[in-house]
*Asks:* 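Right, I'll just put the structure down here and ask away after.
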Amino acid sequence: MDLVAAIVAAHAGREGPLLPILHDVQAAQGHVSEEAIRTIAHGLNLSRAEVHGVVSFYHDFRTQPDPRPVVKLCRAEACQARGVEALVAALPPQNQVRIETVYCLGLCSAGPAALAAGRPHARLDAAKLAALVEAAT
Amino acid sequence: MSSHTPEKLAYMANQIARNLAEQADPAAAVASHIRTFWNPAMIAALARAGATGLEPAAEQALRSLAPDAG
Amino acid sequence: MITVRISDDSLAIACGADEVAAAFEAAGCTVERVSSWGMHWLEPLADIAGQGFGPLAPEDVPAVLAGTSDKGIGCIEDHPFLARQQRFTFARAGKTRPLDMGDYIAAGGWAGLRAAERLSPAEIIARVTASGLRGRGGAGFPTGIKWQTVANAFGNRKYVVCNADEGDSGTFADRMVMEGDPFMLVEGLAIAGLAIGAQKAFVYIRSEYPHAIAKMHAAIAASADLVAPFEIEVRVGAGAYVCGEETALLNSIEGKRGEVRAKPPLPAIEGLFGQPTAVNNVLTLAAVPFILAQGAEAYAAVGFGRSRGTMPIQLAGNVRHGGLFEAGFGLTLGELVEAIGGGTASGRPIRAVQVGGPLGAYHPPSDFHVPIDYESFAAADGLIGHAGLTVFDDSVDMGDMARFAMAFCAAESCGKCTPCRIGSTRGVELIDRLRAAPTAGDAALLEDLCETMRFGSLCALGGFTPYPVLSALKHWPQHFGLIPETTP
Amino acid sequence: MGYEPQADLGTPAAIGAATVTLAIDGRSITVPPGTSVMRAAALAGGSIPRLCATDSLEAFGSCRLCLVEIDGMRGTPASCTTPVAEGMAVHTQTPRLQTLRRGVMELYISDHPLDCLTCSANGDCELQEQAAAVGLRDVRYGFDGASHLGQPVDGSNPYFDFDPSKCIACSRCVRACDEVQGTLALTIQGRGFASKVSAGLASDDFLGSECVSCGACVQACPTATLQEKSVKEIGKPERSVVTTCAYCGVGCTFRAEMRGEQLVRMVPWKDGKANHGHSCVKGRFAWGYAQHQDRVLSPMIRESIDQPWREVSWEEALAHTAAELKRIAARYGRMALGGITSSRCTNEETFLVQKLVRAGFHNNNVDTCARVCHSPTGYGLKTTFGTSAGTQDFDSVEQADVILVIGANPTDGHPVFASRMKRRLRQGAKLIVIDPRRIDLVRSPHNAATHHLPLRPGTNVAVLTAMAHVIVTEGLADQAFIRERCDADEYAHWADFVSETRHSPEFLAPVTGVDPAELRAAARLYATGGNGAIYYGLGVTEHSQGSSTVMAIANLAMATGNIGRPGVGVNPLRGQNNVQGACDMGSFPHELSGYRHVSDAGVRALFEGEWGVAIDPEPGLRIPNMLDAATDGTFKAIYIQGEDILQSDPDTRHVAAGLAAMECVIVHDLFLNETANYAHVFLPGSTFLEKNGTFTNAERRIQLVRKVMEPLNGYEDWQVTQELARAMGLDWNYAHPREIMDEIARLTPTFAGVSHARLEAEGSLQWPVNDAAPHGTPVMHIDGFVRGKGKFVVTEYVPTDERTGPRFPLLLTTGRILSQYNVGAQTRRTANVVWHEEDRLEIHPADAENRGISSGDWVKLASRSGETTLRALVTDRVAPGVVYTTFHHPETQANVVTTDYSDWATNCPEYKVTAVQVAPSNGPSAWQQDYDALSHRARRITREPAE
């Protein structure tokens, strides 16, 4: 059985298993491919349109692979109040790291904040953010 | 295969007989069925050919439908 | 051997708590990782026999241990920021190890559930109703009445759903509960289950909170026997702010697109998988163990008007003393951001405070007299929402913030209803056009658009986005070029 | 009738009595609880603007145009999602609401092309209509902002285009696919402003998606986003006529929308009692055959089949035909003539053909294509219940708790009913499927059978008897029902019989191949799961034990008390549009209309009095008997209306031999079909669009067929039959089919109350319609069986004589596919071929592997009757040892392979079980090559100027 089918089988019997499955597939393969969508749809007895609709709704799921490391940078109001937009403007151009905008990491009293490799970072300034991006590559 | 032959009619009668074998009076059931659905020419053709190869219920039915059968 | 208590809250970690803890361990100390006191500007904060030191960096450790550090803040519990609070929900904050069952029990954990187990469902609901507890998610609906509706509804199966998809910028109380006192939430869920006759609870946590997800998983596993046969399951969101809307959240748990459902039917009647469902916010459920353990009166004794009990207020953004401040309703906005928050972190004057997250209004200092309670803020064209206060200094361009409000709505709109789906995009374009070439016509169109979104949208995302936009337009028209910029 | 869209009340009707009174803009109205404010307003004669609401779909609440103000309620609730409440005071037109609605519409139009004048939906566009209704005059946002304009049109579906630039994201198409059709092929992709309708995955187009082209999305679309290509090509319809579909036995009602004499589109009619506004790819779109160039419009004759056809005038054709028939009767006797009525023609036409045989040919040699499909249903249900028809209406399925489908593939064969069944299943009803093949119902998005019993073809009776064994021996029978409603002695006899150990699931498992535990569980579910409803098709009837199987089904229903109320019953799914009607009209050789035996002197007297001729009291020949008699030289002439027996009947070579032995074969059809290769007279037929009359669907529902356009050949089919009768000297003078129906009503007690006038007034009637049931009979046998007591019939399992062996180790079973219909004469002449351009042989991977066969390979399919070649499709839908094919394409010649075995009681052919071998092949079989040559030769036409 292929990996996606195994993930589907592992969640079989749960109530509303689609999101947990998509998370696992994305974690395992880095994205949710059309092939994976077909397998999931078949396994859960959903139409592939439905699964596609769900995958495309949530920003966490990607349909194309992108192996670059990710830095999730909060650009919501509290971090804006603490100057995140100036940091973004000052970031040196690079293409090795995917810098994803998120809206709020819950670190609003200590922004600007980011999440990289599962670890949160707060009180960022231009140097710290640049170092974070550098470290992620 | 030429088909409106006595063999085919006998086959049909036997098939009816086998399917009605569990009825209370199989011979009567077969006779009634044939009487209801068969054209008399078919009954006559079967009767002309005689009872050879017929299931007992079919044979009995044929006798009641065509008393002169050979 | 010195025992050092340092938080493992993700904010503390983000500020370097792990490195500080490692430095103390390297220096031979025993380190206990506890929850955060909520004094975020002091994180990482070390607690050595009740004395606080912070914010620390690893290089500060030798001085702390040598007694020569200038980062001492004295007795933590006597700190004025804490001394002014009334902590019901965050009573254990800073004091217990989040996943230590012994700590939880020693600090009064499970007393609420034990009390509930001796009561009938109707009695539990009666106590919650008597406490005056209102939903802390923003709408402020009385919790007891919601539970009663679910309890009365016909269904083969009923659910409790904890909305832990708090995605409002400027709020973090839910995250602190889940990371700092997860058993309390488990206890609240179990009590809710008893009250409404549910067999199962889902805790829907936004994916941006990995630490909260991990702690909740662990706490649920550790307490499974205590709440059995009631089952609790964590569900992780997938990057959709709109799933904080309760019906979108239910769709998401069901594995569907996080689109908002039209109401009626109310989730209490026809909710998760079509069954009666109590959807409650983290803080609401977290308040329940206190009410059951200490009594409805103890809870209701605090508060202001129809807003009873305490409210965990979150001081965020450009504020000197940011963090969690739990108090009865009724403190004014000005007291909170100036006296308690200490003004801006930048030291510049406050220009605006956004109250209630991205969908909350921007309040100028002239609103600082308004007390924090549901009704007073409604009267001031605002809402308290999750009670997150995001402070901005005078470098902020309120035209930018109005534009951002529309852009955020456009980014997070589920797309189901027209005012939000198209209106938010048109809002961004219109604000750009207005600011490039201000006209009275476009200003009026922006107001019309806000009116269309406010009264036409299916849920609060499109419906409340006009709050920040209109408040910015009203109080800072100069930022839209509608009147000349004046220097005060 | 002018062109006028059907009224739309916005949200579906609530069930129940009108008890809630509210005021809408001061007008008081009383409606059932659960009614939306929107619907109540529409019922009160008002109109609330809306775009996402339509009364075929559940309220959605997304467009936000229908906002209202309600006294005592905060804000502006959406009227579509707000239910009425007693005493509610609703305001639908206030300045605030007008501003809001204009604001919403301004947003819509800011993202919509400004091409109304050149848009194919101009004048038939809800967006345009609503923009006018809310008084939008100006789009102040301008048109420079983000938009969805300029996106490419998806024209992959042959019948409709998808133009995303015109989409308003109301989700009506998505919801129609979900709620109405139940395929869930569509979704909204992305979110927010980027929300976009998507068929399947991002890389799918409509044709490549799971879409079955039912048209529900097109129907639901309020703009020109999803629109029929025909509307774009021909233009907006100018007039319309409501008529009944001529495809399957569901009997959908459509509005044929016309521009001049050109059909623009077929739109399912919401008031159609069988389809409630739904449709399938055939009825909705596959009507192009009606004007196909292959239609033969002039009569043709020839002396022998090796000659080319000669076009002649109608007069000559009819005079020649009458002379031939008279000559043959004179030379060979009256029994040498016969006729076949068509299940595709109207009741009136069918009635005339059988009347021609009985009154003009002076014998009862009339049969119908139901012989080869549902004759066992007639026999089996008449024997057990007393009526040769299904017991329920289609609406009944909405109250079923357990649905047992045996030998039917509703999603392909009866798609519109299947959608309703699937909706009921999504609501929680349980499903049992008994079928050798894993049909779509067994598992498709959002529904799955609780039990699938993949039996070995030919063992239906054994499986059903084993189910009865479980029900009786486990004490699950409904004793009260049996005591009150059934013959006690017969029940006791039957109960003893089924209780025998030899009928246990375990004992029969080696025969049936069905897991005994699964069979027991299925039997328990059917017996105890609430309302149990059985639906069956040709997988039941087309067996040597077809009649026994029908009776075994009836036995099960009676034993469990599942008869005589909504939600239960025994429901044959009829293949062709008028199978029920053709049978009702006296098309069988042994009975007159209304299923009365020719031997009944009283009945004959009635007909003899009306027709003025003596009726032969003896049963005539059935189709296979006629063909047998032809090969024996005693049967010489046949009039075949609207049936292609050469392609559709089994054992093609035998059929060909029979036809070739006749002296006058008269084919009355739209096209030069396969049977016409053996014909001497060809009489052009008319399509259902060209005639008046009635069809009777599978639920006994009689519905009007209305003439939409003039017959291209000049005559409706009933007129041709009448002219032939007159040429033979009969004094027939019907001016309109309504007069034929009046005669049917006079002669047929179950039709006593039927007339075209009543059908016009009431839409449809389900027979019996008579003094006892003046408004018809949706559910039969409510207070008692038509025959009195229900009759349990012992159904001994007698295996078919068709056996697998070393030469023919596999079992072939046949069926149909959604996009094609029967022999394909109609659907092959439409764009439906894109979905099914050839018949394929489904074979299990293990069997394919053993034979070195891959999907797409040509294979030889051989039985003791003959062999043919076709391409393989390797799939585990079929069990090992079983192969399957459809028979829609004449090239396939699937019936060369089927045998002459047939049902013991009715001679319905055993299409569903043929022992075969499959082997790789290089090309067509010898028969296919010979036939192809003959077919080519036989279709030559010499065109001489007529007259």
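Lettering follows sequence order; numbering is per chain, from 1. In this text the structure is predicted, and so the values were computed from the model without any measurement.
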*Asks:* For chain C, which of Thr99(D), Asp144(D), Thr81(D), Leu51(D) has the most heavy-atom pairs under 4.5 Å?
*Replies:*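 It is Thr81(D).
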
*Asks:* For atom CG of Asp138(D), is the number of surrounding heavy atoms from other residues, nucleotides or ligands below 6.0 Å larger than 12?
*Replies:*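 Check passes, neighbour count above 12.
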
*Asks:* Which region of Glu412(C), side chain (C-beta onward) or backbone (N, CA, C, O), has a non-hydrogen atom less than 4.5 Å from a non-hydrogen atom of chain D, or is it both or neither?
*Replies:*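 Both backbone and side chain.
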
*Asks:* In terms of heavy-atom proximity below 4.5 Å to chain C, should Ser62(D) be classed as side chain, backbone, both, or neither?
*Replies:*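 When you check distances to chain C, atoms from both the backbone and side chain of Ser62(D) fall under 4.5 Å.
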
*Asks:* So Phe408(C) and Phe404(C), would you call those rings parallel, tilted or perpendicular, with 30° and 60° as cut-offs?
*Replies:*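 Rings of Phe408(C) and Phe404(C): tilted, 30 to 60°.
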
*Asks:* Quick one: do Glu270(C) and Arg261(C) satisfy salt bridge (charged side-chain N to carboxylate O under 4.0 Å, His left out)? Show the steps, please.
*Replies:* CA-CA 11 Å; Glu270(C) 210 175 296; Arg261(C) 300 179 186 170; over 6 Å; no

*Asks:* Salt-bridge test for Arg134(C) and Glu375(C): reply yes if a basic N is under 4.0 Å from a carboxylate O, no otherwise.
*Replies:*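 Result for this pair is yes, salt bridge flagged.
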
*Asks:* If you tally heavy-atom pairs under 4.5 Å against chain D, which of Lys263(C), Glu429(C), Arg257(C) wins?
*Replies:*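 Looking at each of Lys263(C), Glu429(C), Arg257(C) in turn, Arg257(C) comes out on top.
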
*Asks:* Quick check for you: among Cys420(C), Ala262(C), Cys417(C), which has the greatest number of heavy-atom pairs under 4.5 Å with chain D?
*Replies:*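 Heavy-atom pairs under 4.5 Å are most numerous for Cys417(C).
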
*Asks:* Should the heavy atoms of other residues, nucleotides or ligands under 6.0 Å from NZ of Lys200(C) be counted, would the total exceed 12?
*Replies:*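 Buried by this count: over 12 neighbours within 6.0 Å.
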
*Asks:* When you measure from the side chain of Lys416(C) to the backbone N and O of Val260(C), does any donor-acceptor pair fall under 3.5 Å?
*Replies:*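 The answer is yes, because a donor-acceptor pair under 3.5 Å joins these two groups.
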
*Asks:* Evaluate the salt bridge (charged side-chain N to carboxylate O under 4.0 Å, His left out) criterion for residues Glu58(D) and Arg175(D): first the C-alpha distance (whole Å), next the side-chain angles of each, then the deciding distance (0.1 Å), finally the verdict.
*Replies:* CA-CA 8 Å; Glu58(D) 295 301 322; Arg175(D) 291 182 285 139; over 6 Å; no

*Asks:* Does any heavy atom of chain C fall under 4.5 Å from the side chain of Leu100(D), the backbone, both, or neither of them?
*Replies:*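 Both backbone and side chain.
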
*Asks:* Answer yes or no: are there more than 12 heavy-atom neighbours, outside Arg306(C) itself, under 6.0 Å from its atom CZ?
*Replies:*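 Atom CZ in Arg306(C) is not crowded, with 12 or fewer foreign heavy atoms closer than 6.0 Å.
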
*Asks:* Please classify the contact of Leu430(C) with chain D as side chain, backbone, both or neither, using a heavy-atom distance under 4.5 Å.
*Replies:*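 Only the side chain of Leu430(C) comes within 4.5 Å of chain D.
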
*Asks:* So which part of Ile188(D) gets closer than 4.5 Å to some heavy atom of chain C, the side chain, the backbone, both or neither?
*Replies:*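 Contact with chain C: backbone and side chain both.
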
*Asks:* Please state whether the side chain, the backbone, both or neither of Gln189(D) comes within less than 4.5 Å of a heavy atom of chain C.
*Replies:*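 The backbone, not the side chain.
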
*Asks:* Between chain C and each of Ala194(D), Pro83(D), Cys170(D), Ala146(D), count heavy-atom pairs under 4.5 Å; write down the option with the most.
*Replies:*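 Top count of heavy-atom pairs under 4.5 Å with chain C: Ala146(D).
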
*Asks:* Select one option (side chain, backbone, both, neither) describing which atoms of Arg433(C) are under 4.5 Å from chain D's heavy atoms.
*Replies:*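 Answer is side chain: those atoms of Arg433(C) sit under 4.5 Å from chain D.
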
*Asks:* Look at Asp401(D) together with Arg424(D) and state whether they make a salt bridge at an N to O cut-off of under 4.0 Å.
*Replies:*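 Yes, Asp401(D) and Arg424(D) are salt-bridged.
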
*Asks:* Does any backbone or side-chain atom of Ala240(C) lie under 4.5 Å from a heavy atom of chain D? Answer side chain, backbone, both or neither.
*Replies:*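 Both backbone and side chain of Ala240(C) come within 4.5 Å of chain D.
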
*Asks:* Would Arg96(D) and Phe455(C) count as a cation-pi pair here, with the cationic atom under 6.0 angstrom from the ring centre and within 45° of the axis?
*Replies:*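 Output yes; distance and angle both within limits.
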
*Asks:* Check each atom of Ser110(D) against the heavy atoms of chain C and say whether the ones under 4.5 Å are side chain, backbone, both or neither.
*Replies:*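 Looking at Ser110(D), backbone and side chain both touch chain C.
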
*Asks:* Where does Ser457(C) contact chain D at under 4.5 Å (heavy atoms): side chain, backbone, both or neither?
*Replies:*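 For Ser457(C), the backbone is the part near chain D, not the side chain.
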
*Asks:* Considering only heavy atoms, which portion of Arg102(D) lies under 4.5 Å from any heavy atom of chain C: side chain, backbone, both, or neither?
*Replies:*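 When you check distances to chain C, no heavy atom of Arg102(D) falls under 4.5 Å.
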
